[in-house]
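Okay, so here's the structure we're looking at.
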Amino acid sequence: MFPRILSLLREKDMSVSELYEQIKDYSCGEYVAALDALYAFGKVDYNEERRMLHYVG
(Lines give C-alpha, C1' and ligand atoms only; values in the text may rest on other atoms or scores of the structure.)
Protein backbone atom coordinates (compact mmCIF):
# COMPACT_ATOMS: atom_id res chain seq x y z
CA MET A 1 0.00 0.00 0.00
CA PHE A 2 2.94 2.38 0.63
CA PRO A 3 3.86 2.78 -3.05
CA ARG A 4 0.24 3.40 -4.00
CA ILE A 5 -0.26 6.07 -1.33
CA LEU A 6 3.01 7.80 -2.18
CA SER A 7 2.24 7.72 -5.88
CA LEU A 8 -1.13 9.38 -5.36
CA LEU A 9 0.32 12.04 -3.05
CA ARG A 10 3.13 12.81 -5.50
CA GLU A 11 0.44 13.91 -7.95
CA LYS A 12 -1.37 16.21 -5.51
CA ASP A 13 -2.06 16.86 -1.84
CA MET A 14 -5.21 15.15 -0.60
CA SER A 15 -7.38 15.04 2.48
CA VAL A 16 -7.31 11.83 4.51
CA SER A 17 -10.79 10.89 3.32
CA GLU A 18 -10.07 11.77 -0.32
CA LEU A 19 -7.00 9.55 -0.29
CA TYR A 20 -8.93 6.72 1.38
CA GLU A 21 -11.48 6.84 -1.45
CA GLN A 22 -8.60 5.96 -3.79
CA ILE A 23 -7.32 3.15 -1.50
CA LYS A 24 -10.67 1.57 -0.56
CA ASP A 25 -9.56 -2.01 -1.20
CA TYR A 26 -7.79 -1.99 2.20
CA SER A 27 -9.45 -1.88 5.61
CA CYS A 28 -9.61 1.41 7.45
CA GLY A 29 -7.25 0.03 10.10
CA GLU A 30 -4.65 -0.97 7.51
CA TYR A 31 -4.96 2.44 5.88
CA VAL A 32 -4.45 4.33 9.14
CA ALA A 33 -1.50 2.08 10.07
CA ALA A 34 0.10 2.80 6.67
CA LEU A 35 -0.36 6.56 7.10
CA ASP A 36 1.13 6.38 10.60
CA ALA A 37 4.16 4.49 9.30
CA LEU A 38 4.68 6.83 6.34
CA TYR A 39 4.46 9.83 8.68
CA ALA A 40 6.96 8.21 11.09
CA PHE A 41 9.34 7.49 8.17
CA GLY A 42 9.13 11.14 7.12
CA LYS A 43 7.55 10.32 3.75
CA VAL A 44 4.29 12.25 4.27
CA ASP A 45 3.27 15.24 6.32
CA TYR A 46 -0.09 16.56 7.44
CA ASN A 47 -0.95 20.23 7.12
CA GLU A 48 -3.43 20.87 9.93
CA GLU A 49 -4.44 24.28 8.62
CA ARG A 50 -5.36 22.91 5.18
CA ARG A 51 -6.29 19.45 6.52
CA MET A 52 -4.29 17.84 3.72
CA LEU A 53 -1.70 15.10 3.44
CA HIS A 54 1.45 16.09 1.57
CA TYR A 55 4.19 13.98 -0.05
CA VAL A 56 7.58 14.82 1.47
CA GLY A 57 9.86 12.44 -0.38
| said: In the structure I gave you, are the side-chain heavy atoms of Val32 and Val16 within less than 4.5 Å of one another anywhere? | reply: no
| request: Supply the atom-to-atom distance Phe2 CZ to Leu38 CG, rounded to the nearest 0.5 angstrom. | output: 4.5 Å
| message | Determine whether the aromatic ring centres of residues Tyr31 and Tyr26 are separated by less than 6.0 angstrom. | response | no
| said: In this structure, would Val56 and Phe41 fall into the same cluster of hydrophobic residues linked by side-chain contacts under 4.5 Å? | reply: no
| query | Applying the 4.5 Å side-chain criterion to the ILVMFWY set and letting contacts propagate, would Met1 and Tyr39 be lumped into a single cluster? | reply | yes
| message | Is there a side-chain contact between Arg4 and Asp25 in this structure, where contact means two heavy atoms from C-beta onward sitting under 4.5 Å apart? | response | yes
| Is the shortest distance from a Lys or Arg side-chain nitrogen in Arg51 or Asp13 to a carboxylate oxygen in the other one below 4.0 Å? | no
| said: Please report the interatomic distance CE(Met52) to OH(Tyr46), rounded to the nearest 0.5 Å. | reply: 9.5 Å
| salt bridge (Lys or Arg N to Asp or Glu O under 4.0 Å) against Glu18, all qualifying residues, sequence neighbours excluded | Lys12
| request: Mind checking the OG-CG spacing from Ser17 to Leu53? Nearest 0.5 Å is all I need. | output: 9.5 Å
| task | Calculate, to the nearest 0.5 Å, the distance between atoms CD1 and CG belonging to Ile23 and Leu8 respectively. | result | 5.0 Å
| said: Measuring from atom CE of Met14 to atom CD of Gln22, what distance do you get when rounded to the nearest 0.5 angstrom? | reply: 5.5 Å
